Amino acid sequence: MVVGLINANPVVYEKKERRFRQAPETTDENAAEAIDQLEIFDHIRDIKDPEHPYSLEELNVVTEDSVEINDELSHVRVTFTPTVEHCSMATVIGLCLRVKLMRSLPPRYKVDIRVAPGSHATETAVNKQLNDKERVAAALENPNLLDIVEECLSPTFA
């Protein structure tokens with residue numbers, strides 16, 4: 001992880017117990033399966049923070065309530081809250097969220113990643129970077145940045 005931490009002593013929250021969803025009643029394998037808020041949260045809750053050995057859920061950067069989904073319009077919005085308002089890793093966290101959802105959701109979904117209003121000093125700039133396709137594509141071409149993203153997305157077996 002990163003040396004010279006911005007937030008050396010973050011507050012660590014307890015993880016919520018995982019809830020299991022029932023299998024759909026229909027067995028039509030060609031039918032589009034509905035995706036809900038809990039499923040989206042399950043995809044992103046275990047992403048590791050780039051600076052700390054904790055998940056985004058443990059740091060309360062993402063919560064189930066921070067996920068909005070409109071399955072009919074194929075739209076997902078995740079609003080995350082950095083641990084400090086001057087967090088230099090906010091764009092990396094947002095990039096990790098975007099990459100994880102791009103890999104996990106069907107391509108029909110439009111994904112918006114946002115910093116919670118008032119939670120970051122450069123909120124507007126971070127939001128603009130995270131939702132600009134060209135900037136995201138350019139960031140993912142940077143091998144150093146891609147290594148950080150892959151490390152954050154790698155599973156932990158603790």
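All values reported here derive from a predicted model rather than from experimental measurement.
With sequence neighbours excluded, the residues that form a side-chain contact (heavy atoms from CB on, under 4.5 Å) with Ile40 are Ile35, Val67, Ile69, Val76, Val78, Leu101, Leu105. Under the side-chain contact (heavy atoms from CB on, under 4.5 Å) criterion, Arg103 pairs with Val99, Glu150, Leu153, sequence neighbours left out. Under the side-chain contact (heavy atoms from CB on, under 4.5 Å) criterion, Pro117 pairs with Thr79, Glu123, sequence neighbours left out. By the side chain to side chain donor-acceptor pair (under 3.5 Å) test, Ser55 pairs with Glu58, sequence neighbours left out. Partners of Lys128 under the salt bridge (Lys or Arg N to Asp or Glu O under 4.0 Å) rule, at least two apart in sequence or in another chain, do not exist in this structure. Partners of Thr91 according to the side-chain contact (heavy atoms from CB on, under 4.5 Å) rule, which considers only residues two or more places apart in sequence or in another chain, are Val126, Gln129. The side chain to side chain donor-acceptor pair (under 3.5 Å) check on Asn131 picks up Arg98, with sequence neighbours excluded. Ser154 pairs by the side chain to side chain donor-acceptor pair (under 3.5 Å) definition with Lys48, not counting sequence neighbours. Scanning for side chain to side chain donor-acceptor pair (under 3.5 Å) contacts around Thr63 gives an empty result, with sequence neighbours left out.
Between Ile47 and Ile44 the shortest side-chain heavy-atom distance falls below 4.5 Å. Side chains of Ile93 and Pro50 form a contact here, defined as non-hydrogen atoms less than 4.5 Å apart. Considering only heavy atoms from C-beta on, His75 comes within 4.5 Å of Asp112 through its side chain.
Between the side chains of Thr122 and His120, at least one donor N or O lies within less than 3.5 Å of an accepting N or O.
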Only pairs under 3.5 Å count here: list side-chain donor-acceptor contacts from residues 135-145, not counting sequence neighbours, and write none if there are none.
unit_1: Asn142; atom_1: OD1; unit_2: Asn144; atom_2: N; d: 2.9
unit_1: Asn142; atom_1: OD1; unit_2: Leu145; atom_2: N; d: 3.2

Under the criterion side-chain contact (heavy atoms from CB on, under 4.5 Å), I'd like the reasoning laid out for Val92 against Met89: C-alpha separation, chi angles, the key distance, then a yes or no. CA-CA 5 Å; Val92 174; Met89 292 288 153; 4.0 Å; yes

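Although no hydrogens or angles enter the test, the distance criterion places a donor-acceptor pair under 3.5 Å between the side chain of Gln37 and the main chain of Glu64. For the pair Ser104 (side chain) and Lys100 (backbone), a donor-acceptor distance under 3.5 Å is present.
Ser119 and Phe80 get closest at one heavy-atom pair: OG-O, 4.2 Å.
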